Visitor: 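Could you have a look at this structure, given as structure tokens, before my questions?
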Amino acid sequence: MKKRILPAVITGLCVLLFSVVHAQGPGPAVNISKIQVQPGTLATKLVMETDGLLYVQRAYYLAESPQTLVLDIADAQTASAPIVPSSEAAFIRDIQVQKSGTQDLRLLIRLSERVPARVIAETGRTVVELNRIQRAQGSYLIDAATQSELDRKAKSEILLNKLDTTVGAESVSVKANLTGPAVTQVFALENPPRLVVDLFDTVLTAKSDAWPINDPRSTVQRVRVAQFQGAAPRPITRMVFDLKEAGLYAMDSRTDGLVVSFYPAAAVAVSVVQPAPPPAPAPVPTPTKSEPTAAPKIEPKAEAKTITPEPLFAPRKVAAPTQDPKAAAAQDQQGKFKPKTISGEEEKYSGDIISLKLKDSDLRDVILYLAEFAGLNVVFDPDVRGTVTVNLQLVPWDQVLDIILKQNKMGKTIEGNILRIAPVSVLTREEEDQRRLTESKELAGPVMVKTITLSYSKAKDVAALLRSKISTRGEMIVDDRTNTLIVSEVRDKLDLLEKLITVVDTPTPQVSIEARVVEATTTFVRNLGIQWGFKGIADPFHGNPTSLQFPNSVLVNGAVIPQGEVTKGIGGPLGGYAVNLPAPAFSTALGFSFANVLDTFRVDVALSALETSGDGKIISRPSVVTQNNQQAEIIQGRQIPVQTVANFTVTTRYVNAALELRATPQITAEGTIIMTIEIQNNAADFANLVNGIPPITMQSAKTTVMVPDGGTTVIGGIYRTEDSVTRERVPFLHQIPILGSLFKNFARTKQSRELLIFITPRIIK
């Protein structure tokens, strides 16, 4: 109950303040110097630049035309026509500015679909933000302005403790209680219609839940909150508002939280902190209905439903934000790729809105009425006749005129303030005669000669593009020495050629491409070996005979494997070994020799071992700068001469053993870079010569990738591991437990090679 009393008290105070200020009389009108449309990734903005605080009385969608957003503005004037880019023509069909009273304006924005909208009033400008419906999103998008704000703001974890909903007399408000101000991003979805508010660097401490909004007047049905993204790369808490239909809303970011307010289909006020509006204009009288043959019934200016004029969005005294250089560069980059209309721009209807309901009315009477409404004089061709039966609501009068004339196969021409109506066949014949007359004048007119020096384009390339635009009397000469075009043409054609040359002769952006080739090598070798031999003798000479007739003397030689150049291992006192299994390669050896007193029995043992390990890393870093869509190449290394003999002729050719980088960048409208890359890192292997010529060890990659400006991607990688174990052993004896180690050696080699290729492109601003 308290939640409903507080908005009522605030509304009463607002109305009282409105009455007090209004009693002082209207103030000076605020001048709107410029009205322009700024396209965006998630929303389109209509920006009105003013010399003061703009007073927006009401903002609402028309009930008769649900896709038309209306803004009633008090104490304002403008002489500027809205500037709508051609890229937004499919979304914003038309924007009209109408006078409503002595110092009031009405702004009508006709859209292709109804979308959520909000009005942000600031000092020096007022912004109407239209949240475009996001369809078929492949990945999470961050608007350039939001990314710029995130880059400026230091990372700090913000907690969302709870949500409070307030159902007031004029709006429904949802407050997210936060521990600090959060960066927000808003976008709209469909099926069902939803408004999504993402809070960056925000962690939801409350339970994820949904709260229904029990207010039949409100456009929002339910609000849901959940943790959309965890800690990486940054936490995001998402608030989703399920809507009955798209309408007006407002957002207020405070130190203790974020308040999102939704308004009914009919606009109402939220606060009054600006100059009071002038009195509401009196309704325009509607002509009485007439007979079918009499003057038709026409409503010159159809008014929307009568609502007490109250301010909708109060201006916030916020300094105009400075645009981040990165965001400005991104907008400039996207602007280069937008289509530009050189000539033949499509005509848009800009007349005042009227409603028309007629049945079997005379065509001339209807046209006379429309001409009188528009303040035009009328001239009819003798063959003009017909009847009109229409029912049109809230349509510009010039569009009504075109529809009526097209229905009766009539056409029109306007010269100054004179409107001429004639059959289409008559006007077509006259236009054909006029075209022939124009062509004859063009061919008979004087030919102008002009020299145009190009700065960024080749003159011969531009001349090839413009050949089709030259008339029969025109001529274009290319001077390659000075990069100049000499154009001989009539005036009209010459103006068109100059405009085209201005568009074509623009600086080409440059791209810096940096590659990194990283080679990492790891080696490990372990060798173990053994050599042992013995010699025993028993004979009368040494005084140890066998005491047998046979054998009286015995000689056992366990060192018959001699040491020499063709054998392996180390030597010993006996000169050889019975088991000669040294390590394949060794750097450490230890020998033992055992004998009795008479040296009639001797044992020699030699142990050999080797263990090596190594880590190596080679980083190659070629870098090159090139223009957009132009191939760049950089090579560093050596050339190997290769000779071939054919028909007693010696031919020498050179093969590159070098680091080579070839890249062709293409900059997109979003600021990303598509690159066709070919990189080679070849080296000569002089350790394995073939007929005196070293073979080439090749490392190469060729691919096409898309990388963000300043981003890094891995375009290729090779990982190779070699692990070999070699054993030499004596058959059968190596299987003896424990003693088997005396009859074998061991060698292990482990080697790993890793190759990674990184590419980093940067657009040179």
Side-chain angles (χ1 to χ4, degrees), residues 139 141-142 144 147-148 150-152 232-234 324-337 456 506-522 615-640 654-684 696-720 752-765:
S139 59
L141 299 177
I142 299 181
Q147 185 62 51
S148 174
L150 289 173
D151 294 340
R152 291 196 305 266
R234 60 190 341 130
D324 185 69
K326 294 183 179 179
Q331 292 182 1
D332 294 341
Q333 181 66 28
Q334 294 181 1
K336 294 179 181 179
F337 289 84
Y456 306 102
T506 55
T508 303
Q510 296 189 119
V511 180
S512 171
I513 302 173
E514 179 182 304
R516 280 175 291 170
V517 182
V518 180
E519 302 174 70
T521 305
T522 302
D615 295 318
K617 180 183 291 186
I618 302 175
I619 299 178
S620 304
R621 197 168 185 172
S623 180
V624 67
V625 177
T626 182
Q627 289 189 339
N628 188 28
N629 295 316
Q630 298 294 325
Q631 186 184 42
E633 178 179 339
I634 186 170
I635 301 176
Q636 185 270 329
R638 67 178 69 188
Q639 288 187 325
I640 306 298
Y654 291 88
V655 178
N656 286 345
L659 177 63
E660 305 178 32
L661 172 63
R662 296 178 182 88
T664 304
Q666 177 185 343
I667 302 175
T668 66
E670 292 78 14
T672 58
I673 304 170
I674 299 175
M675 292 181 296
T676 301
I677 300 170
E678 181 179 0
I679 187 167
Q680 294 183 354
N681 188 20
N682 301 336
I696 304 297
T697 303
M698 298 185 62
Q699 297 174 343
S700 64
K702 184 177 181 180
T703 184
T704 300
V705 293
M706 182 173 68
V707 188
D709 181 19
T712 301
T713 184
V714 181
I715 67 169
I718 299 174
Y719 185 79
R720 180 182 177 185
S752 62
R753 299 175 63 88
E754 187 174 4
L755 172 67
L756 294 175
I757 302 175
F758 300 87
I759 294 291
T760 303
R762 291 182 178 86
I763 301 175
I764 300 177
K765 303 297 188 296

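The model shown is predicted, which means the values in this text are computed figures rather than measured ones.
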Visitor: Which pair of non-hydrogen atoms, one from Ile673 and one from Arg762, has the smallest distance, and what is that distance?
Guide: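 Answer, listing the atom of Ile673 first, then Arg762: CD1-N, 4.3 Å.
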Visitor: Would you name the heavy atoms of Gly711 and Pro761 that are closest together and state the gap between them?
Guide: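 Scanning both residues, the minimum pair turns out to be O-CD, 3.3 Å.
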Visitor: How long is the straight-line distance from CD of Glu660 back to OG of Ser700, given to the nearest 0.5 Å?
Guide: 10.0 Å
Visitor: Search all heavy atoms of Ile763 against all heavy atoms of Gly671 and return the closest pair with its distance.
Guide: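 The answer is CD1-O, 3.7 Å.
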Visitor: Looking at NZ of Lys702 and CD1 of Ile679, how far apart are the two atoms once the value is rounded to the nearest 0.5 Å?
Guide: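 These two atoms lie 14.0 Å from each other.
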Visitor: Does Arg234 have more than 12 heavy atoms from other residues, nucleotides or ligands lying within 6.0 Å of its CZ?
Guide: yes
Visitor: Do the non-hydrogen side-chain atoms of Val517 and Leu659 ever get within less than 4.5 Å of each other?
Guide: yes
Visitor: Between Ala515 and Leu661, what is the shortest heavy-atom contact and its length?
Guide: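 Scanning both residues completely, I find the closest heavy atoms to be CB-CD2, 4.1 Å.
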Visitor: Side chains of Glu670 and Met706, heavy atoms from C-beta outward: is any pair under 4.5 Å?
Guide: no
Visitor: Below 4.5 Å, heavy atoms only, C-beta onward: do Ile677 and Ile757 meet side chain to side chain?
Guide: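 When only atoms from C-beta onward are counted, Ile757 and Ile677 do not touch, as no gap falls below 4.5 Å.
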Visitor: Nearest 0.5 angstrom please: Glu678 CD to Thr676 OG1, how far?
Guide: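 Between Glu678 CD and Thr676 OG1, I get 10.5 Å after rounding to 0.5 Å.
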Visitor: Quick one: are Ile635 and Glu633 in side-chain contact, heavy atoms under 4.5 Å?
Guide: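 They are in contact (side-chain heavy atoms under 4.5 Å apart), so the answer is yes.
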Visitor: Would you confirm whether Asn628, through its side chain, and Ile667, through its main-chain N or O, come within 3.5 Å as a donor-acceptor pair?
Guide: yes
Visitor: Can you give me the closest heavy-atom contact between Val518 and Phe758, atom names plus distance?
Guide: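 Nearest pair, atom of Val518 first, then Phe758: CG2-CE1, 4.0 Å.
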Visitor: Rounded to the nearest 0.5 Å, what's the gap from CG on Asn681 to CE on Met698? Could you check?
Guide: 10.5 Å
Visitor: Roughly how far, to the nearest 0.5 Å, is CE of Met675 from OG1 of Thr703?
Guide: 9.5 Å
Visitor: Could you grab the distance from atom CD1 of Ile142 to atom OG of Ser148, nearest 0.5 Å is fine?
Guide: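 If I round to the nearest 0.5 Å, the distance is 12.0 Å.
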Visitor: Between Gln680 and Asn656, does any side-chain donor sit less than 3.5 Å from a side-chain acceptor?
Guide: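 No, Asn656 and Gln680 have no side-chain donor paired with an acceptor closer than 3.5 Å.
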Visitor: Return the minimal non-hydrogen interatomic distance between Arg516 and Thr760, and the atom names on each side.
Guide: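 For Arg516 versus Thr760, the nearest heavy atoms are NH2-OG1, 3.9 Å.
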Visitor: For Arg638 and Ile640, what are the C-alpha separation, side-chain angles and deciding distance, and is it a side chain to side chain contact (heavy atoms under 4.5 Å, CB included)?
Guide: CA-CA 7 Å; Arg638 67 178 69 188; Ile640 306 298; 3.8 Å; yes
